[in-house]
Amino acid sequence: MTTMLDCINEQPRVCEQILADEATSFSEFDRLIEDRQLNRVLVLATGSSLNAVHAAERHLEVVGGIVTKVVEPFTYSEYESLDNDFDLVIAVSQRGTSSSTIDAVKAARDRVAAPILIVTADTRSPLAALGDCRLDIGCGDEAVRYSTKGVTATVLSLLLLSVRLAEHGRREIPAELSRPGIAAAVASMGGVIQHAEQYYDAHREELEAATRISILGFGPNVGTAVEAETKIIETVRIPVQGMELEAYMHGPLFELRPEYTLFLTEVPGTTSAERLRQFADFASGHCDHVHIVTSGASTGATRELALDEQVAEELSPLLLIVPYQVLAYRMSASRGIDLVEPAFPDFRSAMRTKVAG
């Protein structure tokens with residue numbers, strides 16, 4: 001039986017294959033945009049797909065040169081009506097069975113005079129059938145209900161889409177944000193998984209005892225933080241919140257207790273890194289479990305999961321999402337939680353959040 005850990009460990013291979021298949025995977029998309037000028041793009045996604053979009057959104061703007069409006073599908077269907085001036089609609093759903101995303105794409109078809117791209121792992125899904133173009137994220141079927149390889153595959157596919165948009169618009173792309181930088185990040189994924197496993201082993205007792213967790217980040221790693229929230233809630237089933245550090249300091253901070261757990265997500269050399277370290281010093285005086293997950297080298301801090309990689313901030317979620325997946329799985333396994341059986345077997349039939357694939 002395939003486990004969540006199997007899917008985590010498949011990510012380096014899956015992402016290497018996505019890179020190898022890029023020309024084929026994007027051929028339909030290239031034809032779609034060949035004679036189009038793309039400035040504003042509407043993106044529809046929810047759940048882990050939404051988190052992946054937020055993780056790649058900064059790259060889409062900085063490199064791809066587009067203005068993105070990212071909207072939850074139900075919000076778009078029920079509460080959005082005036083802003084329909086878009087050059088492209090992108091709907092993202094790993095399995096292509098999200099009811100709210102399907103409804104939002106139908107609404108977009110009626111409201112927006114632009115083609116619709118479906119980003120999915122199942123190009124024969126009900127959602128895929130509604131698009132003008134499909135982009136296969138290349139992760140295949142994810143047997144485990146809690147997405148891991150599907151998340152990194154989505155982030156990587158959106159980064160490559162951003163590069164192709166830049167090329168389409170004849171924009172100059174710094175090497176560290178283009179294919180060489182992306183390929184280097186993918187090549188380091190296996191080592192990132194090892195670092196995370198080693199960190200869990202070193203802090204096993206402390207992490208197994210966690211009762212409430214806050215995960216914080218800046219910029220594209222707000223997407224990382226919220227995806228970490230999603231994965232830990234799904235698997236460990238304790239209260240977790242993921243958000244921007246500044247937002248946390250404007251209210252949620254005041255719940256902080258010595259027994260709670262904080263994870264701070266850092267990319268060294270960025271404007272936000274100094275701010276994050278300042279907050280770590282402050283929080284350590286009020287909380288006994290402050291961890292830093294950094295893409296860079298270790299500073300020697302006791303609770304520091306250092307990936308020891310040089311990666312641009314715009315690409316960093318591709319790596320920084322992975323340690324949280326490992327920690328979520330290990331913390332769940334230590335508590336004996338069955339990830340095969342759904343937590344609420346009657347939920348999908350009651351709420352109809354998915355359609356049959």
Answer with yes or no whether the side chains of [Y] and [X] bring together a donor and an acceptor at under 3.5 Å.
X	Y	answer
Thr152	Gln11	yes
Ser295	Glu309	no
Glu142	Thr148	yes
Asp136	Thr120	no
Arg40	Thr68	no
Ser49	Gln94	no

So for atom [atom1], which belongs to [X], do other residues, nucleotides or ligands contribute more than 12 heavy atoms lying within a distance under 6.0 Å?
X	atom1	result
Arg212	CZ	yes
Gln278	CD	yes
Gln310	CD	no
Glu274	CD	no

How close do [X] and [Y] get, counting heavy atoms only, and between which atoms?
X	Y	result
Pro323	Ala196	CA-CB, 3.7 Å
Ile173	Ser178	CG2-CB, 3.5 Å
Arg335	Leu207	NH2-O, 3.5 Å
Cys139	Ala121	SG-CB, 3.7 Å
Ala45	Pro73	O-CD, 3.1 Å
Ile33	His168	O-CE1, 2.7 Å

Centroid-centroid under 6.0 Å between His195 and Tyr199 rings: no
Could you grab the distance from atom [atom1] of [X] to atom [atom2] of [Y], nearest 0.5 Å is fine?
X	Y	atom1	atom2	value
Asp85	Leu42	CG	CG	11.5 Å
Ile137	Leu160	CD1	CG	12.0 Å
Leu319	Ile193	CG	CD1	10.0 Å
Thr24	Asp21	OG1	CG	6.0 Å
Ser48	Glu234	OG	CD	5.5 Å
Thr75	Leu44	OG1	CG	10.0 Å

Arg111 charged N/C atom sitting above Phe86 aromatic ring, 6.0 Å / 45°: no
Taking side chain as C-beta onward, heavy atoms only, is [X] less than 4.5 Å from [Y]?
X	Y	answer
Val267	Leu320	yes
Leu256	Tyr248	yes
Glu314	Glu57	no
Val186	Pro12	no

Salt-bridge test for [X] and [Y]: reply yes if a basic N is under 4.0 Å from a carboxylate O, no otherwise.
X	Y	result
Glu313	Arg58	no
Arg36	Asp87	no
Arg303	Glu206	yes
Glu80	Lys69	yes
Glu304	Arg277	yes
Glu10	Arg13	yes

Ser332 side-chain N/O to Ala328 backbone N/O, donor-acceptor pair under 3.5 Å: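 Flag not set: sc Ser332 to bb Ala328 has no pair under 3.5 Å.
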Glu197 backbone acceptor or donor facing Arg330 side chain under 3.5 Å: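 The answer is no, because no donor-acceptor pair under 3.5 Å joins these two groups.
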Full working for salt bridge (charged side-chain N to carboxylate O under 4.0 Å, His left out) between Arg145 and Glu341: CA-CA 10 Å; Arg145 68 180 67 243; Glu341 292 298 319; over 6 Å; no
Whether Phe263 and His291 hold their rings parallel, tilted or perpendicular, with breakpoints at 30° and 60°: parallel
Geometric class of the Phe29/Phe26 ring pair [parallel <30°, tilted 30-60°, perpendicular >60°]: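 Correct class here is perpendicular.
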side-chain hydrogen bond (donor to acceptor under 3.5 Å, both in side chains) between Asn51 and Thr230, worked out: CA-CA 9 Å; Asn51 302 337; Thr230 301; 3.1 Å; yes
Verdict with supporting geometry, Met243 and Leu216, side chain to side chain contact (heavy atoms under 4.5 Å, CB included): CA-CA 5 Å; Met243 64 180 69; Leu216 311 174; 3.7 Å; yes
Starting from [Y], can I reach [X] by hopping between I/L/V/M/F/W/Y residues whose side chains sit under 4.5 Å apart?
X	Y	value
Leu32	Val105	no
Met189	Ile8	yes
Val112	Phe74	no
Ile292	Tyr200	no
Val144	Met331	yes

Working for side chain to side chain contact (heavy atoms under 4.5 Å, CB included), residues Phe218 and Glu244: CA-CA 5 Å; Phe218 278 112; Glu244 189 200 44; 4.0 Å; yes
Summary of ring-ring contact (aromatic ring centres under 6.0 Å, His included) pairs that have at least one residue in residues 133-162, sequence neighbours excluded: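 Non-adjacent pairs meeting ring-ring contact (aromatic ring centres under 6.0 Å, His included): zero.
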Test side-chain hydrogen bond (donor to acceptor under 3.5 Å, both in side chains) applied to Asp6 and Thr3, step by step: CA-CA 5 Å; Asp6 292 329; Thr3 68; 3.2 Å; yes
Test side-chain hydrogen bond (donor to acceptor under 3.5 Å, both in side chains) applied to Gln241 and Glu255, step by step: CA-CA 12 Å; Gln241 57 185 351; Glu255 72 158 13; 3.0 Å; yes
Trace of the side chain to side chain contact (heavy atoms under 4.5 Å, CB included) decision for Ile66 with Leu165: CA-CA 8 Å; Ile66 58 172; Leu165 285 173; 3.8 Å; yes
From CA spacing to verdict: side chain to side chain contact (heavy atoms under 4.5 Å, CB included), Val53, Leu158: CA-CA 7 Å; Val53 169; Leu158 292 173; 4.0 Å; yes
Worked verdict on Asp122 versus Ser125 for side-chain hydrogen bond (donor to acceptor under 3.5 Å, both in side chains): CA-CA 5 Å; Asp122 185 353; Ser125 64; 5.0 Å; no
